[in-house]
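Counting begins at 1 with the first residue of the sequence. All values below were derived from every heavy atom in this structure, side-chain atoms included, with hydrogens, water molecules and symmetry-related copies excluded.
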Amino acid sequence: MRLIRRIVNMAVMMTVKLMFIAMGVVICMPVFLVVTGSVMGSADLQECLAPVFLEGQGFVTWKLIPQYPTLEHYKRLLIETPQFFILFWNSIKITLFILAGQLAVGVPAAWAFAVYDVRGKNVLFLVYVVLMLLPFQVTMLSSYIVLNKLSLLDTHWAVILPAVFSTFPVFVTYGGFRAIPKALIEAARIDGAGEFYIFTRIGLGLGKGGILSAVVLGFLEYWNMIEQPLAFLKDKALWPLSLYLPEIEWTQAGFSFAASLVMLIPAVFVFVMGQDYLEQGIIYSGLKQ
């Protein structure tokens, strides 16, 4: 009986592993299609995608290995398309300014919520959480009116400033600061350490997991944002790279695949480098207040 149970357990475990592997392959399939499509020649792409775009008969096919691989799409993108680099720089500029602003505004706010006991703190933090749950469509009109009054529409600040005061990094960073033992902070105060010293030496040092997780999540969000720049930026020269890809027509499928892969590289790099901090952020967000 034990042998039979062991065999059954092994069979169940193997089945579960195969299911997870199959799910992983399905999840990674779009990335694989982007990689292979970016090195496919125009003839291969037309043959594979004709049933969709040319209203042909049959089903879409795909080749695991392109018959005639080429780097022509990358050459056109990186050498012959200066517009791509303008929008790429716009994405870097917007994302970095947003993250820097969130660190300057959100981190001290999260520290105050986590460390100082003042009347009404829990209510105010609840308001922060509710604001975090509101989608952009709810606040779009009010943001547009305020930005218009400040004459910031059609500038990068129209996208940067609302994101700087986002409540999400406060929520994530707050969990990291809450994990710091209060006894340690009290001991530092007894030893004569000032509040600024405690914040910079103890808070930032021990709470860096929550801070870096907020930075990683913020980069992944704002590097790919579409709605905010589309609503507040009319000049296409100010658009980030995320709005450049939808402008590519289907006849330039290979070019579109190459642009998508280049845009994906920074996000993948940041995700791989900050994966451990993302896990810490998930843990911190689950801590009870």
Spacing of [atom1] belonging to [X] relative to [atom2] belonging to [Y], to within rounding of 0.5 Å:
| X | Y | atom1 | atom2 | answer |
| --- | --- | --- | --- | --- |
| Asp154 | Leu147 | CG | CG | 11.5 Å |
| Ser260 | Leu33 | OG | CG | 11.5 Å |
| Ile21 | Leu18 | CD1 | CG | 5.5 Å |
| Ile180 | Trp111 | CD1 | CH2 | 5.0 Å |
| Gln102 | Phe219 | CD | CZ | 13.0 Å |
| Met10 | Lys17 | CE | NZ | 9.0 Å |

ILVMFWY cluster, [X] and [Y] together (side-chain gap under 4.5 Å):
| X | Y | result |
| --- | --- | --- |
| Phe171 | Leu103 | yes |
| Val25 | Ile27 | no |
| Tyr144 | Leu131 | no |
| Val127 | Val170 | no |

Would the distance check show the side chain of [X] and the main-chain N or O of [Y] forming a donor-acceptor pair, the cut-off being under 3.5 Å?
| X | Y | result |
| --- | --- | --- |
| Asn90 | Leu241 | no |
| Thr81 | Gln83 | no |
| His73 | Gly37 | no |
| Thr173 | Ala110 | no |
| Trp239 | Leu233 | yes |
| Ser38 | Phe257 | no |
| Lys121 | Phe113 | yes |
| Asp191 | Ala193 | no |

Quick check: closest heavy atoms across [X] and [Y], and the distance to 0.1 Å?
| X | Y | result |
| --- | --- | --- |
| Gly203 | Phe177 | O-CE2, 3.2 Å |
| Ser213 | Val172 | OG-CG1, 3.2 Å |
| Asn224 | Leu220 | ND2-O, 2.8 Å |
| Leu238 | His156 | O-NE2, 2.9 Å |

Inspect the surroundings of [atom1] in [X] and state if more than 12 heavy atoms from other residues, nucleotides or ligands are less than 6.0 Å away.
| X | atom1 | answer |
| --- | --- | --- |
| Met273 | CE | no |
| Phe136 | CZ | yes |
| Tyr74 | OH | yes |
| Phe271 | CZ | no |
| Tyr197 | OH | no |
| Tyr116 | OH | yes |

*Trp223 and its side-chain contact (heavy atoms from CB on, under 4.5 Å) partner, picked from Ile98, Val270, Ile94, Ile92*: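 Among Ile98, Val270, Ile94, Ile92, the one meeting side-chain contact (heavy atoms from CB on, under 4.5 Å) with Trp223 is Ile92.
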
*Parallel, tilted or perpendicular: which fits the ring planes of Tyr174 and Phe125, with parallel below 30° and perpendicular above 60°?*
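Rings of Tyr174 and Phe125: tilted, as their planes differ by 30° to 60°.
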
*Mind checking what makes salt bridge (charged side-chain N to carboxylate O under 4.0 Å, His left out) contact with Glu195, not counting sequence neighbours?*
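Salt bridge (charged side-chain N to carboxylate O under 4.0 Å, His left out) list for Glu195, sorted by chain: Arg189.
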
Show the atom names and distances, to 0.1 Å, of all donor-acceptor pairs under 3.5 Å that link a side chain in residues 157-166 to residues at least two apart or in another chain.
{"residue": "Ser166", "atom": "OG", "partner": "Phe168", "partner atom": "N", "Å": "3.4"}

*Can you sort out the partners of Thr95 under side chain to side chain donor-acceptor pair (under 3.5 Å), two or more places apart, ordered by chain and number?*
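Thr95: no side chain to side chain donor-acceptor pair (under 3.5 Å) contacts found.
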
_Min side-chain heavy-atom separation Phe199-Val115 under 4.5 Å_ =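 Answer no - side chains too far apart.
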
*Applying side chain to side chain contact (heavy atoms under 4.5 Å, CB included), run through Val262 and Phe84 and close with a yes or a no.*
CA-CA 10 Å; Val262 173; Phe84 177 84; 3.6 Å; yes

*For Lys236 and Ile86, run side chain to side chain contact (heavy atoms under 4.5 Å, CB included): C-alpha distance rounded to whole Å, both residues' side-chain angles, the deciding distance at 0.1 Å, then the answer.*
CA-CA 10 Å; Lys236 293 185 178 181; Ile86 294 175; over 6 Å; no

